[in-house]
> 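This is the structure I have questions about; it appears just below.
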Amino acid sequence: MLSAVPRPRAGGGASVFASLLESRTGQELDAGREWRIETALKPVLRERGLDSLDQLAAALLAAPDKAVADQIVDALLNQETSFFRDAAVLDLVAQAVAALRGTDLNRRIRIWSAGCSSGQEPLSLAMLFAEQAADDDQLPEIIATDISEASIARGRAGRYSQFEIQRGLSVRRMMRWFETVGDDWVARAELVRRVQFRQLNLVADPLPIGRFDVILCRNVLLYFGPAMRRHVFARLAEVLRPGGLLVLGAGETVIGQTEAFRPSPTYRGLYEPTGMIDKDAAAA
Ligand SMILES: C[S@@+](CC[C@H](N)C(=O)[O-])C[C@H]1O[C@@H](n2cnc3c(N)ncnc32)[C@H](O)[C@@H]1O
């Protein structure tokens, strides 16, 4: 059972879905982007034999159904990603990890890919570290989470189309880390087992246990409102260890958004915790 389908904002059927998306994920859809709702939900309408968004909204309000709501939220999420997206940033993360480990080669570095979509980001990190490590004991622990159950299932399966595999992967890496199954490419077990995939809603779910050395939360907070963004930054700060690093997407920043992070003086474009934990925002 869906606990509640949120009260729609003005604007017809589309607003029911915008409200549902926001209440579940923190993501806001601007008015004027309703075309996106229509395009994204076309397959859901077709599957359910409905003609319009208004019909789907009415059905959902009359009989809230978690499976339908999950399918709608999934369809509305922007899950754009690719292997080695902003590759220079991942190289910088690898450099930072080597420095964080310092001379203590026994310390297990912990990395969290928060909002990992279908797994290309954490699998890219796993490839990068495996290619650089002298032995398996030096490999970081990589946890990868996303609100979308379907995306997490895809990451765990490690199965990608020809189009997806070609986006960001060199032929050498394709051959080294993947094998073909029919028309698809499937990550070898030795790669997938290096990433722990879990479903997790950054806005509401309990966070992973323990502290992380690096958190990547790239291209996730873009569509959050300011209060929700501050809330998530405060939560991330709680599980990043002092001296650890936060990695955001190319168009994102902490400046003017939160007091919990500041730009790293050492790693350009990355952020470090200030130590000011905003308990109110974290709990909000
Ligand atoms: C645009 S993708 C970015 C993927 C990857 N980080 C990258 O930069 O390539 C954004 C991801 O954030 C996830 N997401 C959105 N809201 C979320 C939330 N509240 N909790 C967890 N994940 C969320 C979406 O499901 C989507 O997979």
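Both ligands and their constituent atoms are indexed starting at 1 by order of listing.
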> Which atoms of ligand 1 are found less than 4.0 Å from any heavy atom of Val203?
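What qualifies from ligand 1 is 19 (N).
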> Using a strict 4.0 Å cut-off to heavy atoms of Ser117, name the atoms of ligand 1 that fall inside it.
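Here the atoms of ligand 1 in question are 4 (C), 27 (O).
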> For the 3.5 Å polar cut-off, considering only N or O atoms, please tell me whether Ser82 and ligand 1 meet it.
no
> Are Phe83 and Phe178 an aromatic pair by the rule of ring centers under 6.0 Å?
yes
> Is the closest heavy atom of Leu200 to ligand 1 under 4.0 Å?
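Leu200: in contact with ligand 1 (<4.0 Å).
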> Just need the protein heavy atom nearest to atom 9 (O) of ligand 1, so name the residue and atom and give the distance.
Thr81 OG1, 2.6 Å
> Is there at least one pair of N or O atoms, one from Thr25 and one from ligand 1, spaced under 3.5 Å apart?
yes
> Tell me, which protein residue and heavy-atom name are nearest atom 27 (O) of ligand 1, and how many Å apart are they?
Asp146 OD2, 2.6 Å
> Could you tell me whether Leu77 and ligand 1 have an N or O pair separated by under 3.5 Å?
no
> Would you say ligand 1 has an N or O under 3.5 Å from any N or O of Ser151?
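Looking only at distances, the answer is no, because the N/O contact criterion of under 3.5 Å is not met.
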> In Å, rounded to the nearest 0.5 Å, how long is the span from CE of Met127 to CZ of Arg188?
11.5 Å
> Testing Leu246, Thr258, Val254, Leu207 one by one against Leu236 for a side-chain contact (heavy atoms from CB on, under 4.5 Å), which residue passes?
Leu246
> Can Gln120 and Ser118 be counted as having a side-chain donor-acceptor contact under 3.5 angstrom?
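Note: Gln120 and Ser118 side chains meet the donor-acceptor criterion.
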> Note the single closest protein heavy atom to atom 15 (C) of ligand 1, along with its residue, its atom name and the distance in Å.
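Residue, atom and distance for the closest contact: Gln27 NE2, 2.9 Å.
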> Please report which non-hydrogen protein atom sits nearest to atom 8 (O) of ligand 1, along with the residue it belongs to and the distance in Å to one decimal place.
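Answer, as residue, atom name and distance: Asn219 ND2, 2.8 Å.
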> Heavy-atom contacts with Glu80 under 4.0 Å: which atoms of ligand 1 show up? List them by number with element.
1 (C), 2 (S), 3 (C), 4 (C), 9 (O)
> Distance check, rounded to the nearest 0.5 Å: Leu100 atom CG versus Gln95 atom CD?
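Nearest 0.5 Å value for the CG-CD distance: 11.5 Å.
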> For ligand 1, which atoms sit closer than 4.0 Å to a heavy atom of Arg218?
3 (C), 5 (C), 6 (N), 7 (C), 8 (O)
> Should Leu53 and Glu38 count as side-chain neighbours, where that means a heavy-atom distance under 4.5 Å?
yes
> Looking at every non-hydrogen atom in both residues, tell me the closest pair between Ser113 and Glu121 and how far apart they are.
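Heavy atoms of Ser113 and Glu121 come nearest at OG-OE2, 2.7 Å.
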> Quick one: look up the protein heavy atom nearest atom 7 (C) of ligand 1 and list residue, atom name and how far away it is.
Arg85 NH1, 3.2 Å
> Looking at ligand 1, does any of its N/O atoms fall within less than 3.5 Å of an N/O of Arg24?
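No.
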> Go through the structure and list residues passing side-chain hydrogen bond (donor to acceptor under 3.5 Å, both in side chains) with Thr266, not counting sequence neighbours.
none
> Is any side-chain N of the basic residue among Glu80 and Arg167 closer than 4.0 Å to the acidic one's carboxylate O?
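Judged by the 4.0 Å cut-off on N to carboxylate O distance, Glu80 and Arg167 do form a salt bridge.
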> Any idea which atoms of ligand 1 are less than 4.0 Å away from a heavy-atom of Glu121?
5 (C), 6 (N), 7 (C), 8 (O)
> Starting from atom 20 (N) of ligand 1, what is the nearest protein heavy atom, named by residue and atom, and what distance separates them?
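The protein heavy atom lying closest is Leu202 N, 2.9 Å.
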> Please indicate whether any nitrogen or oxygen in Gly115 is less than 3.5 Å from any nitrogen or oxygen in ligand 1.
yes
> Which heavy-atom pair separates Val247 from Arg218 by the least distance, and what is that distance?
O-CG, 3.7 Å
> Considering only the protein, which heavy-atom contact is closest to atom 17 (C) of ligand 1, and what is its distance?
Ile147 CG2, 3.8 Å
> Would you say the side-chain atoms of Trp185 and Gln166 include a donor-acceptor pair closer than 3.5 Å?
no
> Would Gln71 and Arg48 count as having a side-chain donor-acceptor pair, cut-off 3.5 Å?
yes
> Tell me which protein heavy atom sits closest to atom 18 (C) of ligand 1, plus the residue, atom name and distance to 0.1 Å.
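For this ligand atom, the closest protein heavy atom is Asn201 OD1, 3.6 Å.
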